[in-house]
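In what follows, a single structure is set out as structure tokens and then discussed.
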There are 2 protein chains.
Amino acid sequence: MTDTAKPRREQILDSASRLFSERGYHATSMRDLAGDLGMQGGSLYAHISSKEELLIEIVNQASRQFDEALFTLRAEAMPADQKLREAMYRHIRVVADNMDSATVFFHEWKHLSPEAYARVTGWRDTIDAFYRELITQGVQEGTLRADLDIKMTAYLVLSAVNWAYTWYRPGGSLAPRDVAEQFADMLLGGLRAPTGAQP
Amino acid sequence: MTDTAKPRREQILDSASRLFSERGYHATSMRDLAGDLGMQGGSLYAHISSKEELLIEIVNQASRQFDEALFTLRAEAMPADQKLREAMYRHIRVVADNMDSATVFFHEWKHLSPEAYARVTGWRDTIDAFYRELITQGVQEGTLRADLDIKMTAYLVLSAVNWAYTWYRPGGSLAPRDVAEQFADMLLGGLRAPTGAQP
DNA sequence: CCTACCGATCGGTAGG
DNA sequence: CCTACCGATCGGTAGG
């Protein structure tokens with residue numbers, strides 16, 4: 001344990017996440033990636049078997065992070081508005097803490113081969129289902145408005161938490177918790193002023 | 001006017017939008033594109049000068065559509081909540097009516113050469129500014145909540161209207177107007193039930 | 001992990 | 001708009 005360096009394979013995945021997110025999967029060559037790690041192109045294949053393996057692993061790791069963050073919430077007994085707030089926080093935290101792989105996840109999953117592609121599609125459905133269940137629970141409880149369209153409400157929430165990958169800047173003045181609290185306040189309470197002041 | 005076919009150059013741009021959005025810019029070869037149009041790879045260069053020219057034109061056309069939709073709203077005198085509703089409708093309509101080029105716009109602009117890249121970055125700032133002004137106006141008028149953080153509110157609205165490119169399906173049961181009305185209702189009125197019913 | 005290389009494919013051009 | 005081609009670069013491999 002005196003060696004503080006990450007295993008070479010993890011370094012490769014980190015570099016790949018960064019380069020794929022900046023330039024895109026197809027525009028990043030294996031020689032670009034090797035150069036970023038200070039080695040020759042062919043040397044990468046001592047650690048990995050193919051370029052697509054890297055993409056698959058990056059996307060899988062991102063999926064797993066979302067899963068771990070959200071699905072532990074499923075069982076918890078909590079009013080739905082509070083649960084929605086917590087889900088948004090966890091979701092945004094995953095995006096914010098993994099900006100590179102989240103960007104790869106949102107942009108490059110279409111380039112996966114059919115099996116991996118289908119897995120991602122299926123996974124996205126489970127995330128949709130998670131939010132729809134949560135909102136349905138809220139409507140049934142009476143904490144959320146009775147006239148909500150469940151599907152559209154889930155899209156709206158997912159828009160807010162996913163789109164963060166385009167504008168969030170780690171290390172800035174906003175922590176993931178701040179973003180989530182503000183978004184949840186606005187979504188739950190609405191943007192319109194309480195008094196319908198008409199001059 | 002007896003010829004109903006589009007000019008060849010427009011056909012090329014349409015095919016390019018579709019292929020770039022499905023497979024990505026770098027994963028689409030000029031031979032793929034030519035094949036989609038029933039011609040040989042080299043023949044494309046009778047109509048265009050380079051692959052990047054196609055990307056630039058697709059991105060520029062998309063920007064122009066957003067501009068035309070939104071900036072005509074700027075001058076209109078209208079309560080800010082209503083103006084926000086109308087802006088969301090127009091924004092979503094541009095996305096919905098141009099799913100391919102909107103997808104290319106959101107995913108592939110990073111692959112532009114420095115000058116075109118900088119132009120897109122600058123353009124995005126003007127869209128941000130448009131929404132921030134609109135929200136500021138609403139706060140000053142009293143139609144929107146006084147405690148809103150302008151920047152975060154603009155991000156939330158932009159999330160909702162932009163993320164539609166990932167899930168909207170033209171020809172489905174939801175027209176752009178429906179999406180915009182539902183999103184605006186939820187955003188303005190909030191998701192929480194009016195009566196704080198606590199059993 | 002490097003050197004040297006493979007066949008395939010890339011964007012683009014010349015000449016017709 | 002086609003044929004035939006250019007140099008460059010791609011992902012990946014063999015042998016050390």
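Remember, it's a predicted structure, so these values are computed and weren't measured experimentally.
- Between the side chain of B/E53 and the backbone N or O of B/S49, at least one donor-acceptor pair lies under 3.5 Å.
- Minimum heavy-atom separation, A/L156 to B/A160: CD1-CB, 3.6 Å.
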Check step by step if side chain to side chain donor-acceptor pair (under 3.5 Å) holds for A/R8 and A/Q11. CA-CA 5 Å; A/R8 205 55 164 155; A/Q11 292 178 19; 2.5 Å; yes
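- Using the six-membered ring where Trp is involved, A/W163 and B/Y165 have ring planes that are perpendicular, over 60° apart on the 30 and 60° scheme.
- Reading DNA chain D from its 5' end, the first and the last nucleotide to sit under 4.0 Å from a heavy atom of chain A are D/dC10 to D/dT13.
- At the heavy-atom level, A/H47 lies under 4.0 Å from the strands shown only through sugar-phosphate atoms.
- Mapping A/G42 and A/A27 onto DNA chain D by nearest heavy atom places A/A27 closer to the 5' end of the strand.
- By the 30° and 60° cut-offs, the orientation of the rings of B/W123 relative to B/F66 is tilted.
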Could you walk me through whether A/E57 and A/R9 pass the side-chain contact (heavy atoms from CB on, under 4.5 Å) check? CA-CA 11 Å; A/E57 191 142 330; A/R9 194 186 157 85; 2.7 Å; yes
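- Scanning all heavy atoms of the two residues, the minimum distance from B/R90 to B/E76 falls at NH2-OE2, 4.0 Å.
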Read 5' to 3' with Watson-Crick or G-U pairs under 3.5 Å, [ ] for crossing pairs and | for partners on another strand, DNA chain C gives ||||||||||||||||
Please assess B/R132 against B/D128 for the test salt bridge (charged side-chain N to carboxylate O under 4.0 Å, His left out), listing each intermediate value before the final yes or no. CA-CA 6 Å; B/R132 292 179 190 181; B/D128 276 13; 3.7 Å; yes
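- Of the two residues contacting DNA chain C, namely A/M39 and A/R31, the nearest-nucleotide position lying further toward the 5' end is that of A/M39.
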